[in-house]
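All values reported here derive from a predicted model rather than from experimental measurement.
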Amino acid sequence: MTIPQQILTIVAVVLGTMTTRFLPFLFFPEGKEPPAFVRYLGAVLPSAVIGLLVVFCLKDAVFTGWHGLPEAIAIVVVGVLHKCKHNILLSIAGGTVLYMFLVQMVFV
């Protein structure tokens with residue numbers, strides 16, 4: 001890419017990012033109740049995104065014999081940690097560290 005193309009690309013990305021960040025504040029100013037549909041999306045999308053991430057992470061996993069066992073163990077640990085501690089960072093970090101330990105030390 002030439003320098004002008006690079007600059008134009010950066011400007012387009014910055015404008016796109018800023019637009020998506022600021023539009024909700026313009027459409028739903030403070031003190032104005034968002035529509036029921038937007039509140040519904042706010043309630044269901046976090047769970048849908050987590051489900052999508054789980055499916056995406058497991059799409060290439062092969063569940064035959066011992067294969068897939070580290071993934072399954074890590075998923076269970078993430079669920080238990082989140083249920084017990086209600087801390088997303090702890091759940092994700094704990095599952096990731098356990099998974100990396102399992103694939104590098106246990107299921108070699």
With rounding to the nearest 0.5 angstrom, report the [atom1] to [atom2] distance, [X] to [Y].
X	Y	atom1	atom2	answer
Q6	L8	CD	CG	11.0 Å
I10	L15	CD1	CG	12.0 Å
S91	K83	OG	NZ	12.0 Å

Next on the checklist: Between Q104 and F101 (side chain of the first, backbone of the second, donor and acceptor by atom type, cut-off under 3.5 Å), is there such a pair?
Outcome noted: no
Checklist entry - Hey, does the side chain of T20 reach the backbone of T17 with a donor-acceptor pair shorter than 3.5 angstrom? => result yes
Checklist entry - Run the side-chain contact (heavy atoms from CB on, under 4.5 Å) check on L58 and E71 step by step: do they pass? => result CA-CA 8 Å; L58 295 177; E71 290 89 348; 3.8 Å; yes
Please report the shortest heavy-atom distance between [X] and [Y], naming the atom on each side.
X	Y	result
V103	P70	CG1-CB, 3.8 Å
L90	K85	CD2-CG, 3.6 Å
E33	R39	OE2-NH1, 2.8 Å
G95	A74	O-CB, 3.8 Å

Same apolar cluster: [X] and [Y], side chain cutoff 4.5 Å:
X	Y	answer
L45	L52	no
I92	I75	no
L81	V97	no
V55	V78	no
V11	I3	yes

Next on the checklist: Is it the case that atom CE in M1 sees more than 12 heavy atoms from other parts of the structure closer than 6.0 Å?
Outcome noted: yes
Next on the checklist: Counting neighbours of CD1 on I88 that are heavy atoms of other residues, nucleotides or ligands and sit closer than 6.0 Å, is the number greater than 12?
Outcome noted: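 No - once you tally the heavy atoms of other residues, nucleotides and ligands closer than 6.0 Å, there are 12 at most.
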Checklist entry - With clusters built from Ile, Leu, Val, Met, Phe, Trp and Tyr whose side-chain heavy atoms come within less than 4.5 Å, directly or transitively, what are the remaining members of the cluster of L26, listed by chain and number? => result L23, F27, F28, V38
Checklist entry - Using links of under 4.5 Å between side-chain heavy atoms of ILVMFWY residues, direct or through other members, which residues join V108 in one cluster? => result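 Taking Ile, Leu, Val, Met, Phe, Trp and Tyr as members, V108 stands alone, with no cluster partners.
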